[in-house]
Protein chains: 2
Amino acid sequence: MDEIALEIAKQCLAGQIKIVSRVVTGIYDRELKSCGLKITQASILVHLLAYGSRSGSALGRSLQMDKSTVSRNIDRMTKNGWVHKTDADNVEITEVGRELIVSARPQWEKAQKTVCSIFGSEGVEAVTLLTDRVKNRNKRK
Amino acid sequence: MDEIALEIAKQCLAGQIKIVSRVVTGIYDRELKSCGLKITQASILVHLLAYGSRSGSALGRSLQMDKSTVSRNIDRMTKNGWVHKTDADNVEITEVGRELIVSARPQWEKAQKTVCSIFGSEGVEAVTLLTDRVKNRNKRK
DNA sequence: GTCTCCATGTTGTATATGCAACATATAAGT
DNA sequence: ACTTATATGTTGCATATACAACATGGAGAC
């Protein structure tokens, strides 16, 4: 079984992706720490800024996040005053949230640059490819 | 800022990788659920089977996991009787753990196949590329 | 031998994450 | 109108994850 286990250890796509995710998340989180942000919440803020206020479930679909995960992330961010609920129950970024994410841009850029240099241009393309495939996984054949 | 935020939302490597990671982790976890396993612990078991008993920190290095994360995962797995500590304080898979991971192989294969069909051969190669780059990130230039 | 440094492991604290179960609400069909 | 189905949001529970702080233990330096 040792050799078979070795093959599985090397081939498991989830295992590999989780390793990559841990490393990359760490690079961004450590960089954003000085702003009091983590990459998950930064992503949500950027999303709200880019696409405007939306429902929690719409956010979940965009970010491929369970609705309960969205709900609790929004809770934390609401406590911080970064987002709030509109009349229509949409999640909306506040002025504080907007200023925070704008101020975090240099740190984001630095982390992005670090990861780019680790991945190389092929690696960056690889990420785009994977994201596309995942997002369109139900729209084929 | 809207357009800039849009660019950032689309380009952020951490955001993209975390999306992929969430989707892929979910596919494996749902498949392994019938065995009472999740992909993180399955990865640890496979690692122990492939490389033999090792220290927690060695496991952390292989899986790019913080030592505290390893420690608590091993705790849970010890309670389940899947691993134990040797005299030399190494983590070792038990017979129960071995049988469990062997029995989980069909579910793993199914999840792997599902993700392969989403990624396509280019996607699978992309994952390998990213893993290599991440693991060798300090060994260049 | 002693002291210092580094590797290792654990614990406190906090975020991130998902499933199941529940409550609501909205839409559609009859 | 009533019913049913679907979408949405929250909460209980459990795992996964990392940083900071701490304790320990071994390896050299002297």
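Excluded from the calculations below are hydrogen atoms, water molecules and symmetry mates; all remaining heavy atoms, backbone and side chain alike, are included.
Both A/N90 and A/K18 sit near DNA chain D, but only A/N90 has its closest nucleotide nearer the 5' end. Heavy-atom distances to DNA chain D give each of B/Q41 and A/K33 a nearest nucleotide, and the one nearer the 5′ end belongs to B/Q41.
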Donor-acceptor contacts under 3.5 Å from residues 39-54 of chain A side chains, at least two apart:
{"residue": "A/S43", "atom": "OG", "partner": "A/I39", "partner atom": "O", "Å": "2.9"}
{"residue": "A/R54", "atom": "NH1", "partner": "A/S62", "partner atom": "OG", "Å": "3.0"}

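When the side-chain nitrogen and oxygen atoms of B/T69 are compared with OP1 and OP2 of D/dT17, none of them lie within a distance under 4.0 Å. Applying the 4.0 Å criterion to OP1 and OP2 of C/dT10, one finds that B/S71 has a side-chain N or O inside that range. Residue A/R30 has no polar side-chain atom (N or O) positioned under 4.0 Å from OP1 or OP2 of D/dT17.
Using a 4.0 Å heavy-atom criterion, one finds that A/R76 contacts the bases of the nucleic acid, with or without backbone contacts as well. Nucleic acid contact class of B/S55 (heavy atoms, under 4.0 Å, all strands): sugar-phosphate only. As judged by a 4.0 angstrom heavy-atom cut-off over every strand, A/T40 is placed among residues touching the sugar-phosphate backbone only. Nucleic acid contact class of A/D75 (heavy atoms, under 4.0 Å, all strands): none. At the heavy-atom level, B/D29 lies nowhere under 4.0 Å from the strands shown.
The two residues A/T25 and A/S21 come nearest to each other via the heavy atoms OG1-O, 2.6 Å. For the residue pair A/W108 and B/C12, the shortest heavy atom distance occurs at NE1-SG, 3.2 Å.
In the set C/dT17, C/dC19, D/dA18, the nucleotide with an atom closest to the side chain of A/S68 is C/dC19. When distances run from any side-chain atom of A/D66 to the nucleotides C/dC19, D/dA16, C/dA16, the shortest one goes to C/dC19. Here C/dT17 is the nucleotide among D/dC19, C/dT17, D/dT17 with the atom lying nearest to any side-chain atom of A/M65. Among the nucleotides D/dG9, C/dG18, D/dA16, the one closest to any side-chain atom of A/K85 is D/dG9.
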**Prompt:** Going 5' to 3' along nucleotides 21-28 of chain C, which nucleotides have protein heavy atoms under 4.0 Å from the base (write B), which only from the sugar-phosphate (write S), and which from neither (write -)?
**Reply:** --------
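Side-chain N/O atoms of A/R72 and base N/O atoms of D/dG9 include no donor-acceptor pair closer than 3.5 Å.
Taking 4.5 Å as the limit, some side-chain heavy atom of A/R133 sits within range of a side-chain heavy atom of B/E122.
Results of the side-chain hydrogen bond (donor to acceptor under 3.5 Å, both in side chains) test with A/E109 over A/K113, A/R105, A/Q112 single out A/R105 as the only residue that passes.
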